[in-house]
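Basis for what follows: all heavy atoms, side chains included, without hydrogens, waters or symmetry-related copies.
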Amino acid sequence: MAKRPTEQIRISVAEHRARQRAAGQVSVTLFLSAETVEQLDRMKKERGVSSRAPLIEEAVRFYIENMRA
């Protein structure tokens, strides 16, 4: 019996999250202003990245490194 599309999506998302955890990644949920998200989306398009995550990670790393100085 074929799985329903929603079940396939649920399984795919669970597998993706498991791969991320196995790679040492941790999920973080946050709220940002609409303006910040718009800026991130512009940067995402300019850099050709598939999601906002790498941009947010880069920004957090930059902030942490500069706070140490």
Closest heavy-atom contact between L55 and K44?
CD1-N, 3.5 Å

Distance (rounded to the nearest 0.5 Å) between E15 CD and R10 CZ
9.5 Å

Considering only NZ, NE, NH1 and NH2 on the basic side and carboxylate oxygens on the acidic side, decide whether R61 and E57 come within less than 4.0 Å.
yes

Check whether V28 and V60 end up in the same hydrophobic cluster, where Ile, Leu, Val, Met, Phe, Trp and Tyr are linked by side-chain heavy atoms less than 4.5 Å apart.
yes

Using the rule given for salt bridge (Lys or Arg N to Asp or Glu O under 4.0 Å), can you reason through R68 versus E65, listing the C-alpha separation, both sets of side-chain angles and the distance that settles it, and then say yes or no?
CA-CA 5 Å; R68 291 182 188 159; E65 288 171 5; 6.0 Å; no

Do M43 and L30 share a hydrophobic cluster, counting only Ile, Leu, Val, Met, Phe, Trp and Tyr and linking them when any side-chain heavy atoms are less than 4.5 Å apart?
yes

Separation of M67 CE from I64 CD1 (nearest 0.5 Å)
10.0 Å

Between I11 and E7, is there a side-chain heavy-atom distance shorter than 4.5 Å?
yes

Side-chain contact, heavy-atom cut-off 4.5 Å: L40 with L32?
yes

How would you list, by chain and number, every residue that makes a salt bridge (Lys or Arg N to Asp or Glu O under 4.0 Å) with R47, sequence neighbours excluded?
E58

